[in-house]
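This report refers to the structure that appears directly beneath it.
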2 protein chains.
Amino acid sequence: MGIKERKAREKEQLRQQILSAARELFVNEGYENVSMRKIANKIEYSPTTIYLYFTDKADLLDSVCKETLLNLLNTLEQLKSDISDPVETLGKSGRAYIEFGLKYPQDYKLTFVIRPQYQKGLGLDEGSVGEKVFDYLREMVSECIQQGIFHQTDVETTSQVMWSAVHGVTLLLIDFPDFPWTEKDKLIDTVIHTTIKGLKA
Amino acid sequence: MGIKERKAREKEQLRQQILSAARELFVNEGYENVSMRKIANKIEYSPTTIYLYFTDKADLLDSVCKETLLNLLNTLEQLKSDISDPVETLGKSGRAYIEFGLKYPQDYKLTFVIRPQYQKGLGLDEGSVGEKVFDYLREMVSECIQQGIFHQTDVETTSQVMWSAVHGVTLLLIDFPDFPWTEKDKLIDTVIHTTIKGLKA
DNA sequence: TGTTATACTTAACAGTGTTAAGTTAAATTA
DNA sequence: TAATTTAACTTAACACTGTTAAGTATAACA
């Protein structure tokens, strides 16, 4: 009875093929400039085949973003090991977050800016990957608060402030590349250190 | 020779009519979901007439955003009068910026997120309204630095950090309305105060 | 071997931004 | 006043878009 399994495997394979074709095109040409026909051409199937694997273009975007969030989560969780100095870990996590956004700017925008426009209100639901990313941030912040290093005692608010800072600088650097920014690394460090200093007791 | 002037006035009138129809539709239905034909219907002209006043859809977006930036600039400059306590003025300005974004969320996204996608790298050029908005921020920050209140002595970096914070929280509140945010006003205040505290000497 | 289910494609619909060519009416010139 | 030029606007079309209904061929099963 291996036939059914082989078929399922083949189906999953094509799904992945579609997904990676979509990601590549979305990232290189922008979500709006990618048509279902373009994706279909790339994988050498008819456009309608895609609809057998994804309900529509927004669903395709959704799946691409889920992958991005998984990548981000993996990147962050590799820093988790060292909890001796929670403030340093939080700072490093912030830096890793921003650098992830700058390394994959299109993926970042797709996930945190474009998708909310199409999937109103979704993306950070219970059990979602997005929530896990924010949970990671909560944990880091919680560690700092528990050790009495922070003035603020509210984990939620503190996490949200941290997120605002890194999200803000990431998007500004992506969206206005021609703006006369301070040297990039200096700006990133200043954003993180300023925020952490402001949170300290 | 009043005829020429009347004609010019009428032309300008139609231009404004197109612009405000476009803004209303962009804001209510989203840039991508608004077609040139929709705008044309609203003003009761043929679609091609729009092209006599704007080079293309992106130009229309551009003009709408320019208006938004002017509105933002006006809102901010009303706070300028009181320079006795520069830190308080900076804080108030930050709050006004965020509240502007939340009052006109679609306009804000159009200007600071959607437009950069279509007009790569533009929007903050020399002499532009966007630059004037940032100049306002520079002035506020400069005042704080001159009075020796801030640790940082670099006006540019400090301004950029401030911008990152307010831009970040504004977009997060707009894009993820279903996220379990801390009470909105508290979050905004905390973001501003944390950033300012982090910048202080 | 005949039937059913799976995987995929063709053709079409109603819509998109944009352009070239055409029309109509007003302003200018003779 | 009559002919001509100019300005403002429209019609029709092109090549595209996301998506669906209907059709086809092939593989799996009885």
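Heavy-atom basis, side chains included; hydrogens, waters and symmetry copies ignored. Every chain is numbered from 1 and lettered A, B, ... according to where its sequence line falls, protein lines coming before strand lines.
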For dT19(D), take OP1 and OP2 only and decide whether either is under 4.0 Å from a side-chain N or O of Lys57(A).
-> no
In whole angstrom, what separates Glu29(A)'s CD from dT17(D)'s P?
-> 11 Å
Euclidean distance, atom CE of residue Met36(B) to atom C1' of dT17(D) [Å, nearest integer] | 16 Å
Check: Thr170(A)/Tyr108(A) side-chain N/O donor and acceptor closer than 3.5 Å | no
Would you say the base of dG17(C) and the side-chain of Arg37(B) have a donor-acceptor pair closer than 3.5 Å?
-> yes
Nearest-0.5 Å distance, CZ of residue Phe134(A) to CD of residue Glu139(A) | 12.0 Å
Separation of atom NZ in Lys11(A) from atom C1' in dT26(D), rounded to whole Å = 16 Å
Can Lys80(B) and Glu77(B) be counted as an ion pair, charged N to O under 4.0 angstrom?
-> yes
Protein-nucleotide distance (Leu14(A), atom CG; dT9(C), atom C1'), rounded to Å = 14 Å
Expressed in angstrom and rounded to an integer, what is the separation of Asp56(A) atom CG from dT20(D) atom P?
-> 8 Å
Under-4.0 Å salt bridge between Asp135(A) and Lys132(A) | no
Test: Asp175(B) and Lys109(B) ion pair at under 4.0 Å = yes
May I have the distance from Gln13(B) (atom CD) to dC9(D) (atom P), rounded to whole angstrom?
-> 12 Å
For side chain to side chain donor-acceptor pair (under 3.5 Å), just list the numbers for Arg23(B) and Thr68(B), CA-CA rounded to whole Å, side-chain angles, deciding distance to a tenth of an Å, and then say yes or no.
-> CA-CA 10 Å; Arg23(B) 145 159 279 124; Thr68(B) 303; 2.3 Å; yes
Would you mind listing every side chain to side chain donor-acceptor pair (under 3.5 Å) that reaches into residues 187-201 of chain A, with sequence neighbours excluded?
-> Arg95(A)-Asp189(A)
How many Å lie between CG on Asn33(A) and P on dT18(C), as a whole number?
-> 12 Å
Which of residues 38-54 of chain A sit near DNA chain C, with a heavy atom under 4.0 Å from it?
-> Tyr45(A), Ser46(A), Thr48(A), Thr49(A), Leu52(A), Tyr53(A)
Angle separating the five-pair end axes of the helix from dT1(C)-dA30(D) to dA30(C)-dT1(D), nearest 10°, is 20°
Between Glu156(B) and Thr182(A), do the side chains contain an N or O donor and an N or O acceptor separated by less than 3.5 Å?
-> no
